[in-house]
Amino acid sequence: MHELSLSSAIVNTVQKHAAGRRVTVVNLRIGRMRQVVPATLDFYFDFVARDTVCEGARLEMEILDARLRCTACDHSWDIEIPAFRCPACSGSDVEMASGNEFEVESIEVEEDACIAPR
Amino acid sequence: MHRTKVKIVEEALDANNTIAQANRADFDRAGVTVVNFMSAPGAGKTTLLERVAGDLPGVRMGVLEGDVQGSLDADRLAARHVPVTQLNTDPGFGGECHLDANMVRSALPNLPLDGIDLLVVENVGNLVCPAEFRIGEDVRVMVSSVTEGEDKPLKYPLMFRTCDLVLVNKIDLLPHLDYDVDKFLYHLDHVHPDVERMMVSARTGEGVDAWREWLMRVATGDRAIA
């Protein structure tokens, strides 16, 4: 959802850190709960990256499972379908340990080779 | 040429969250409680606002109306004698299907913040996108009408999970539908256990008193942390 504006957001974030260097890879961490379609993100990223240091960069996406943790009994579980009641104690005070991320984790950039002293 | 890895670890939607926080600071300074009001198109948001606008004793309410185009909803609410500002997402924003913090910020100069205690932002009708974008609100309320089916919490978990109150609207139509209220509540309780919910009919007024009282509590009491 909104992969076009998400792509813009990625390019903006990456440009800040690339500091003019050409970007070859953008490593993303995307939680399952964020409603992002990877193929669509790839598609729009290619467009948005044109004429920027991100042009031609490859998106690598680590998709994170939606992992919940019950604050009452500390039980943790992964969800495939939206089920937020604790299966161990039926508690309702549940937090998302992972699944909500939409992060640029790191990038790979090209740098001029250094001439190291022998 | 060699390749270097640069560690970033930054939330990509930081920009929206930063602007949302700035909005929240402005609302706090003016002493205005903000409700982000969301639902699918046609669930009954505007009608539920018509029912309470201008009828909150001791609480001055204003509305920021979000629509892709037109001012139909704003016109309806203006007739209730509350300050209403229309925000169209089409001109200047490309017809966005949701309000974001930047759009709301652009409307701030037109909002009479000094003259109101409560601002209801009626978001664009959409069960998907508005859930993703904070706008600087204190609380989030959604409307789920009985004509939409019992499975909606499972299909749109983010929206149902992000809200502090779920208004189940159009209950006057239940005799004409096969809608199973218990099944809806069962799904709701799995997606957002124990979330506050109210059964209402904006058309007949059933349950609207509880909605009115909830708004007044939120406007005058401690701000809920959204």
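Heavy atoms only: backbone and side chains are in, while hydrogens, waters and symmetry mates are out. Order of the sequence lines sets the chain letters (A, B, ...), proteins ahead of strands, with each chain counted from 1.
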Residue B:Tyr179 excluded, over 12 heavy atoms near OH under 6.0 Å: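 More than 12 heavy atoms, drawn from other residues, nucleotides or ligands, come within 6.0 Å of this atom.
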
A:Glu95, CD atom: more than 12 neighbouring heavy atoms under 6.0 Å: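 Enclosed: over 12 neighbouring heavy atoms sit under 6.0 Å from CD of A:Glu95.
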
Residues that B:Trp211 engages under ring-ring contact (aromatic ring centres under 6.0 Å, His included), provided they are two or more places apart: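 B:Trp211 satisfies ring-ring contact (aromatic ring centres under 6.0 Å, His included) with B:Phe37 only.
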
B:Leu154 to A:Pro82 - nearest heavy-atom pair and separation: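 That closest heavy-atom pairing would be O-CG, 3.4 Å.
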
Largest heavy-atom contact set with chain A, pairs under 4.5 Å, which of B:Thr4, B:Leu158, B:Val9: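 Going by pairs under 4.5 Å, I would pick B:Thr4.
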
Greatest number of heavy atom pairs closer than 4.5 Å to chain A - which of B:His187, B:His192, B:Lys155, B:Arg161: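 Greatest number of close heavy-atom pairs with chain A: B:Arg161.
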
A:Phe102 side, atom CZ; B:Glu10 side, atom CD - distance, nearest 0.5 Å: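 That separation rounds to 12.0 Å.
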
Euclidean distance, B:His190 NE2 relative to A:Ile79 CD1, rounded to 0.5 Å: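 These two atoms lie 11.5 Å from each other.
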
Contact part of [X] toward chain B, heavy-atom cut-off under 4.5 Å: side chain, backbone, both or neither?
X: A:Asn27; result: side chain
X: A:Ile81; result: neither
X: A:Val94; result: backbone
X: A:Arg29; result: neither

Side chain, backbone, both or neither of B:His98 within contact of chain A (heavy atoms, under 4.5 Å):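 For B:His98, the contact with chain A is made by the side chain alone.
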
Contacting region of B:Asn16 [heavy-atom separation from chain A under 4.5 Å]: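 Answer is neither: B:Asn16 stays 4.5 Å or more from chain A.
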
B:Lys5 and A:Glu108: CA distance, side-chain angles, deciding distance, salt bridge (charged side-chain N to carboxylate O under 4.0 Å, His left out) verdict: CA-CA 4 Å; B:Lys5 189 164 179 181; A:Glu108 283 179 27; 5.5 Å; no

Derivation and outcome, side chain to side chain contact (heavy atoms under 4.5 Å, CB included), residues A:Lys16 and B:Ile8: CA-CA 10 Å; A:Lys16 248 175 20 193; B:Ile8 297 178; over 6 Å; no

Derivation of the salt bridge (charged side-chain N to carboxylate O under 4.0 Å, His left out) call for A:Glu105 and B:Lys7: CA-CA 6 Å; A:Glu105 192 267 333; B:Lys7 197 145 179 87; 2.4 Å; yes

